[in-house]
2 protein chains.
Amino acid sequence: MIKKVTIKDVAHIAGVSVSAVSRVFNNYGDISEETRKKVYQAAQILDYTPNNAARQLSSKKKRIIALILNEINVTPGVAMPLEILGGVNDYLDKTDYEFVFYATNSNKQKQKSLKQFCSERDISGLIIQGLRVTDPYYEELKNFPLPVVAIDLLLQNEKVGSVSIDNQAAAAEVTTRLIKAGAQNVLFVNGTKEAIVSQLREKGYRSATRNPKVIYAEFSEEFAYKMILNYPSLESVDAIFAASDLMAIGIIKALRERNINKKIAIVGFDDITLASYITPTLTTVRQDIKKISQEAAKDLLLQIEHGEIKKHTVPYAIIVRESADI
Amino acid sequence: MIKKVTIKDVAHIAGVSVSAVSRVFNNYGDISEETRKKVYQAAQILDYTPNNAARQLSSKKKRIIALILNEINVTPGVAMPLEILGGVNDYLDKTDYEFVFYATNSNKQKQKSLKQFCSERDISGLIIQGLRVTDPYYEELKNFPLPVVAIDLLLQNEKVGSVSIDNQAAAAEVTTRLIKAGAQNVLFVNGTKEAIVSQLREKGYRSATRNPKVIYAEFSEEFAYKMILNYPSLESVDAIFAASDLMAIGIIKALRERNINKKIAIVGFDDITLASYITPTLTTVRQDIKKISQEAAKDLLLQIEHGEIKKHTVPYAIIVRESADI
DNA sequence: CTGAAAGCGCTTACAG
DNA sequence: CTGAAAGCGCTTACAG
């Protein structure tokens with residue numbers, strides 16, 4: 001058990017009042033150099049650290065940002081949530097906001113509303129990622145009383161900020177480049193209809209081709225693998241564009257097994273680590289997750305402090321590797 | 001701004017005292033069914049959630065577990081911290097402990113001691129991972145006043161619990177099996193001398209071979225790649241055992257470029273996702289991180305509640321793939 | 001520049 | 001079974 005040192009102890013040792021100590025620790029201007037020194041010394045001696053809970057409770061201005069990650073462990077091998085965590089955390093470390101991490105899933109969402117979470121923790125704003133349109137929190141965000149920045153999620157609600165790449169443009173560009181490179185028929189293997197990113201990527205794809213063909217593989221390598229293994233008319237497909245690298249990997253596996261004797265170009269999406277390690281290395285759309293998450297944090301602070309709400313788009317890059325020369 | 005609903009409001013609406021409301025929310029036994037009902041109704045109507053900070057401040061029994069992850073974003077592509085996060089979080093979700101996540105690094109460690117962190121957040125116990133022997137927190141843990149379980153880190157301090165695989169035994173087994181499979185000379189590519197896991201793996205390796213040869217590659221793919229590319233006497237090496245998969249991958253790349261005309265068996269460590277995707281697929285030692293992190297959480301609660309301290313070992317598995325038939 | 005005091009939203013002996 | 005009251009460790013008007 002740590003023996004609790006409180007502000008009173010410090011005040012006592014320093015020979016000043018409790019309020020003086022508080023002012024010193026909060027860097028108020030109206031404190032004499034002498035008092036400041038005495039307080040620091042006393043704090044030093046006692047190894048004092050102000051208690052967070054008490055601070056939160058008594059202070060008007062709470063400065064706590066929550067990062068909410070949905071379905072954190074569905075796809076082992078994809079480190080995106082970790083990158084977001086790191087990015088947001090790093091950014092917030094440089095500010096005087098507290099950082100709180102919260103992992104959720106559709107089940108937990110049913111038990112506790114976003115608002116409940118926020119009010120029990122005194123949250124002043126949040127960054128949220130991984131929500132599907134079927135999630136309770138998605139519904140709740142449509143009208144939410146706190147500043148929010150969503151990653152990879154565009155809401156009709158104009159009061160919710162967002163940061164992501166331009167998914168539609170990226171998908172359109174990939175499709176166009178595939179076609180230019182000679183692919184007459186590009187098959188689009190999408191994730192799920194429920195994910196906004198899927199919807200946008202599909203939109204981009206459809207805008208770029210005259211004969212769209214779309215199938216859905218739940219963002220799962222396994223699913224994509226099976227679907228392509230059993231895909232009836234592969235002869236009429238010159239290229240496959242997958243809405244995630246993981247699905248692209250499943251597709252590559254399936255094609256290898258089917259032993260198709262023409263070359264089918266494959267493009268993925270995300271540029272996960274695997275993309276540059278598999279054979280053939282994967283052409284894909286890179287998202288700079290680090291950048292996205294830092295921008296999200298930055299935008300949130302802007303929203304909290306100045307009420308500025310941004311729908312923010314971050315550049316993407318098409319990384320050309322062996323699987324498709326586009 | 002969320003309008004704050006407090007316990008007073010609930011008490012008022014329910015027509016009972018504040019203490020009655022508190023008792024209901026804390027599931028005390030001595031409450032009449034009637035009061036309970038009135039309180040629930042009022043809470044329902046007002047959409048009341050108890051405030052965490054106030055609870056923490058006033059309650060004797062704090063129940064907050066911190067997960068401290070060190071150097072979270074050094075190795076992109078390795079999702080281990082994420083798995084730990086998920087594992088601990090999942091386990092704690094089933095208990096009535098709060099979960100707090102904290103990312104640190106050697107720089108932050110210098111600014112704020114572990115004890116400071118714990119007392120400012122009212123932490124009652126912690127799980128810590130990724131520490132190196134050169135980290136300030138490593139020093140601090142040698143004599144720490146709170147329950148701690150370390151992952152992948154054995155401290156001389158018998159009051160600190162730990163969970164990991166038996167690194168030494170695993171390394172010994174791999175080495176022995178390589179030798180049995182015909183490798184006369186096994187080169188061990190270790191991580192850093194500062195990591196306890198490196199020390200243990202090296203110990204295991206040395207215990208199993210008569211002519212040990214060890215080099216250090218900082219757990220870096222790049223380093224390992226370069227070291228093997230320039231390794232002078234590769235003719236006398238039949239097998240290479242790397243202390244991490246990432247290094248093994250670097251080694252594979254280097255060997256491919258050097259165009260060695262004998263087959264050198266490669267074994268890695270960790271079984272990261274990449275291991276089963278690269279060519280050749282990698283023989284390696286699997287750690288069940290999910291399991292390790294859940295056991296760590298479980299052990300910590302045991303320690304907090306019953307003072308039981310465990311040095312806990314979890315089974316490992318040797319996964320044989322193409323890179324080494326052992 | 002400084003201190004006394006009220007208050008933040010809870011919990012928990014205590015008395016009844 | 002219930003309520004009044006003290007207290008948790010801070011912050012912040014307020015008065016001087």
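Letters A, B, ... are given to chains in the order of the sequence lines, protein chains preceding strands, and every chain is numbered from 1. The basis for the numbers below is simple: all heavy atoms, side chains too, and nothing from hydrogens, waters or symmetry mates.
Residue Y28(A) contributes atom OH, which lies 16 Å from atom P of dG3(C) at whole-angstrom precision. If you measure from atom CG of N52(A) to atom P of dT11(D), you get 10 Å, rounded to the nearest angstrom. Protein atom CD of Q56(A) is 11 Å distant from nucleotide atom C1' of dC8(C), rounded to whole Å. Atom CZ of R23(A) is separated from atom C1' of dC10(D) by 13 Å (rounded to the nearest Å). Atom CG in L57(B) sits about 9 Å away from atom C1' in dG7(D), given to the nearest Å. Atom CG in N26(A) sits about 17 Å away from atom P in dG9(D), given to the nearest Å. Going from atom CD1 of I31(A) over to atom P of dT11(D) covers 12 Å, rounded to whole Å. As a whole-Å value, the separation of I7(A) CD1 from dA4(C) C1' is 14 Å.
Between E34(B) and A54(B), the residue anchored nearer the 5' end of DNA chain D, judged by the nucleotide with its closest heavy atom, is E34(B). Remark on DNA chain D: of its neighbouring residues V16(B) and F25(A), the 5'-side contact belongs to V16(B), judged by nearest-heavy-atom nucleotide. Both S19(A) and E33(A) lie close to DNA chain C; mapped to their nearest nucleotides by heavy-atom distance, the more 5′-ward contact belongs to E33(A).
Using modelled atom types, no side-chain atom of N26(B) and backbone atom of Y28(B) make a donor-acceptor pair closer than 3.5 Å.
Between K290(B) and D90(B), at least one side-chain N (NZ, or NE/NH1/NH2) sits under 4.0 Å from a carboxylate O, which counts as a salt bridge. A salt bridge does not link R121(B) with E98(B): none of the charged nitrogens is closer than 4.0 Å to a carboxylate oxygen.
Geometrically, K108(A) engages Y102(A) in a cation-pi contact, judged by NZ or CZ lying under 6.0 Å from the ring centre and within 45° of the ring axis.
Put simply, S59(B) has no side-chain N or O that comes within less than 4.0 Å of OP1 or OP2 on dC10(C). When the side-chain nitrogen and oxygen atoms of N51(A) are compared with OP1 and OP2 of dC8(D), none of them lie within a distance under 4.0 Å. Regarding contacts with the backbone of dT2(D), a side-chain N or O of S32(B) is found under 4.0 angstrom from either OP1 or OP2. Between S22(A) and dT11(D), a side-chain N or O to OP1/OP2 separation shorter than 4.0 Å is present. Distances shorter than 4.0 Å separate some side-chain N or O of T35(B) from OP1 or OP2 on dT2(D). At dG3(D), one or more side-chain N or O atoms of S17(B) fall inside 4.0 Å of OP1 or OP2 (strictly under the cut-off).
Around NE2 of H12(A), the count of heavy atoms belonging to other residues, nucleotides or ligands within 6.0 Å does not exceed 12.
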#### Entry: Test side-chain contact (heavy atoms from CB on, under 4.5 Å) applied to I7(B) and F25(B), step by step
CA-CA 10 Å; I7(B) 197 171; F25(B) 269 86; over 6 Å; no
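For DNA chain D, if you chain together Watson-Crick or G-U pairs that step i with j, i+1 with j-1 and so on, the runs of at least three with distances under 3.5 Å are C:1-3 with D:14-16, C:5-12 with D:5-12, C:14-16 with D:1-3.
Side-chain atoms of N70(B) and Q109(B) include a donor-acceptor pair closer than 3.5 Å. If you check the side chains of S22(B) and S19(B), you find no donor sitting under 3.5 Å from an acceptor.
The side chain of S58(B) sits closest to dC10(C) out of dC10(C), dT12(D), dA13(C).
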